[in-house]
Amino acid sequence: MALAFDMKRPPVKAILYWLMVFAVWAVIFAVGFIAFFSLDLPDTSSLYKTDRAPSITYLDRSGALVAVRGSQFAPPVDIDELPDYVPAAFIAIEDRRFYHHFGFDPIGVGRALIRNATRKEGANLAGGSTITQQLARNLFLSNDQNVKRKVQELILSVWLEMKFTKKQILALYLNRVWFGGGATGIEAAAQRYFNKPAKDLTIGEAAMLAGMMKGPSRYSPLSDKDRAIRRTEIVLNEMVEAKVITPEQRADVFKTGIKVSRTLATEHAQYYVDWLQSEIGQMIDLSQLKDDIIVETTLDLPIQTDAERAVKAMMERDVKKKVEQAALVSIDGEGRVRALIGGVSYSDSQFNRAIDAKRQAGSAFKPFVYLTAMESGQFRPDTPVVDEPVTIDGWTPANYTNKYLGDITLTTALAQSINTVAARLADQVGRSNVAATARRLGITSRINTDPAMALGTADVTPLEMARAYVPFSNGGYKVAPYGIVRIRTTKGKVLYQHSAADSRTLVINNPALGYMNQMMREVVRSGTGSGVRLSQFDIAGKTGTTSDYRDAWFVGYTGGFTTAVWVGRDNNSQMAKVTGGGTPAAIWREYMSRALTRIKVSTIPTGTGTLDTGATTAVDDLLGTATSAEAPTVTIEPAQPAKSETPQTLDEVFEDAQKDSQKRNP
């Protein structure tokens, strides 16, 4: 019937009729389709909400930004205050027809479909999302790749276009988009990556941020600088093509470059932040936290950078020696951890070797043996001893050189790290007493008391070793290492404040302290640590090497500043005869030669000494005052780099040290 009826109509009217029928059914289908997918649309009232976990911002001791953990938000920026090229950079690379579509771009979708159909195997899928669609997804939806999410994204995009102007949509997008590195919004990103407000962004900086939209983590200048630069070049080319900037302006960017905030490029500081992250929960109740917080730390970024460079340079130099990992900890005389490195590459391994790796201390443990002997009152640095074969409870230690020096002093025995003398000395003063001395100075790990303990069979962390050497550097006072000075909210409320009260305890008296510093200076002057000599500073320390070359240490100090360096392999396999006087000493010297020019350091303090009761009373009467138990304050403040003598190369330093050693031990 219908067919016969249509045949009576002119062809043009018949086509129009069926087009109308099709249009009616298309509208009905579209309404039903939209209604179905609109049943569980998210609540759009969340547009202005920022329900999120509070962020934690870490600052170094001078207030420089170290890291941001969690979500970092900043007050929304007024788009009118931004240079025109900032929003234009995002439009050029993300949505060239932003001002000409109604939420979605059919041309862009078609182009993406063609690219995806012809893409090579393994290539990334091309996207056709507009800025409005991206905003809808960021505000209301997940990143799930399915038809339902895509349809809802289109519905919400149209809703956004109906509710807001293009300018408002662009402002919402720039203020709510994720830039990686804990930064949400253009203002937070500008502060995060360039340490400046968004209104001061340059053309190159704006292009770099716009380029990160393709993948904030993948194209971050902090994770892959070269990839970020290549992506930025693509954005700049798009900006030229869109007539946002001129070719001359693009050339200026290439000429001047883009400077990412130096303080944020400190990869190894992430080990430091990881350590503090585990400490914060013990200081404040994070579950009750509503506001973003700021953690003021003891980290010194310039010194941290010096440490990173030294570790990288020396590890690359000695890679053929099968050295794979390193850790470094610097503590000042008050207990402030000023630098910390937990591994060669944080991106490759987040395991924090400075805090969590327990490795044999080797001969770096011997100062605890010698200190116990000095405190017994029976020994002095010049006490004569004999380096000869010795057997203790069936165990016979051997020297590193497999030679014996015969009659020597205790100073020479420590300087040359003679095993036979250390083993016999520990046996004489009592190995349990040696263990007690090590614990008194700051070693918290289990210490065995078998005959070999004198040679450093105890497993310790670099943080422990640095802490235990601090009393030698600061006048005899044990410290509790800390990295957090204060925790406050962004609104100014103080949640935690470090207290200096009772943070230092006198654990070494004179004359033992003076004796130990005298002997450990000799380790650097003429012994196994001679490769770290810095003529302009008062340096002392001790090398440590395990008998099978699995661990190598150098722990050294000057007045009020101690650094422990460890190198080894994570699988605990042997290195190629790496000793404490080799790679660890090289790292220590390369680092400290720079770091010590940045801070004011004193000579190694002599300590306070002790008096018996009668003498103390006589002194009090004479002076009319009571003697104070206060520890001498070791001042360490920022200073201009000191002019030093023309430095030797590291190879020259260690070549000279080797020649000196050969002269002493032919």
Side-chain angles (χ1 to χ4, degrees), residues 60 62-68 72 74 77-96 170 173-175 177-183 185-269 301-302 304-306 308-309 312-313 347 594 598 640-641:
D60 90 332
S62 65
L65 182 61
V66 177
V68 178
Q72 181 187 9
V77 66
D78 185 347
I79 196 171
D80 289 330
E81 295 181 357
L82 297 175
D84 291 341
Y85 53 74
V86 173
F90 290 81
I91 292 174
I93 193 66
E94 289 295 308
D95 188 1
R96 186 78 66 84
L170 188 57
Y173 174 78
L174 291 175
N175 282 308
V177 73
W178 170 249
F179 284 90
I186 188 73
E187 182 65 23
Q191 298 286 355
R192 175 72 178 88
Y193 294 102
F194 306 111
N195 199 26
K196 62 171 63 173
K199 64 183 179 64
D200 293 335
L201 287 170
T202 65
I203 291 174
E205 292 164 349
M208 181 168 281
L209 292 179
M212 290 171 61
M213 294 300 93
K214 187 175 182 180
S217 297
R218 181 175 174 79
Y219 294 97
S220 166
L222 303 186
S223 60
D224 192 324
K225 182 179 178 181
D226 291 337
R227 182 185 290 128
I229 290 174
R230 291 194 298 270
R231 179 64 178 166
T232 302
E233 290 175 355
I234 293 174
V235 177
L236 289 170
N237 292 336
E238 292 289 330
M239 293 173 73
V240 170
E241 186 176 330
K243 296 184 175 11
V244 174
I245 60 175
T246 65
E248 290 74 23
Q249 288 175 307
R250 176 183 58 186
D252 286 342
V253 174
F254 293 153
K255 181 179 179 180
T256 59
I258 304 170
K259 185 178 181 181
V260 178
S261 176
R262 179 186 60 78
T263 60
L264 300 178
T266 314
E267 181 194 58
H268 294 291
L301 272 174
Q304 173 76 17
T305 302
D306 290 333
E308 293 167 6
R309 290 172 177 168
K312 181 179 180 181
S347 59
R594 297 177 183 274
R598 300 183 187 277
Q640 295 297 322

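Position 1 is the first residue of the sequence; numbering continues from there. Note that these values count all heavy atoms, side chains included, but never hydrogens, waters or copies made by symmetry. Because the structure is a prediction, the values reported are computed rather than measured.
Rounded to the nearest 0.5 Å, atoms NZ (K199) and CG (D80) are 14.5 Å apart. Summarising the geometry, atom CG belonging to D95 is positioned 13.0 Å from atom CZ belonging to F90; distances are rounded to the nearest 0.5 Å. Considering CD1 of I91 and CE of M239, their distance stands at 10.5 Å, rounded to 0.5 Å. Between L174 atom CG and I79 atom CD1 the span is 5.5 Å, to the nearest 0.5 Å.
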Next item on the list: Could you go through the side-chain contact (heavy atoms from CB on, under 4.5 Å) check for M213 and I93 one step at a time?
Entry: CA-CA 9 Å; M213 294 300 93; I93 193 66; 5.9 Å; no
Notebook entry, point to check: Under the side-chain contact (heavy atoms from CB on, under 4.5 Å) criterion, do L209 and I186 qualify, and how do the steps go?
Noted result: CA-CA 8 Å; L209 292 179; I186 188 73; 3.7 Å; yes
Next item on the list: For T202 and K196, run side-chain contact (heavy atoms from CB on, under 4.5 Å): C-alpha distance rounded to whole Å, both residues' side-chain angles, the deciding distance at 0.1 Å, then the answer.
Entry: CA-CA 10 Å; T202 65; K196 62 171 63 173; 4.1 Å; yes
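The heavy-atom pair separating A189 from F179 by the smallest distance is CB-CG, 3.4 Å. For the residue pair Y219 and M212, the shortest heavy atom distance occurs at O-CG, 3.5 Å. Heavy-atom minimum distance, A89 versus V235: O-CG1, 4.2 Å. Considering all non-hydrogen atoms of both residues, E205 and I258 come closest at CG-CG2, 3.9 Å. Between Y193 and S220 the shortest heavy-atom distance is CE2-OG, 3.7 Å. Nearest heavy atom pair, residue T232 against residue G204, reads CG2-O, 3.9 Å.
Side-chain contact check for Q191 versus L65: every heavy-atom pair is 4.5 Å or farther apart. Using a 4.5 Å cut-off on side-chain heavy atoms (C-beta onward), E238 and R96 make contact. Under the 4.5 Å side-chain criterion, counting only non-hydrogen atoms from C-beta, Q249 is not in contact with Y85. Contact of the D60 side chain with the P302 side chain is registered, since non-hydrogen atoms from C-beta on lie closer than 4.5 Å.
Side-chain atoms of N175 come within 3.5 Å of backbone N or O of V77 as a donor-acceptor pair.
Results of the side-chain contact (heavy atoms from CB on, under 4.5 Å) test with T246 over E248, R250, K243 single out E248 as the only residue that passes.
Other residues, nucleotides and ligands contribute at most 12 non-hydrogen atoms within 6.0 Å of the NZ atom of K225.
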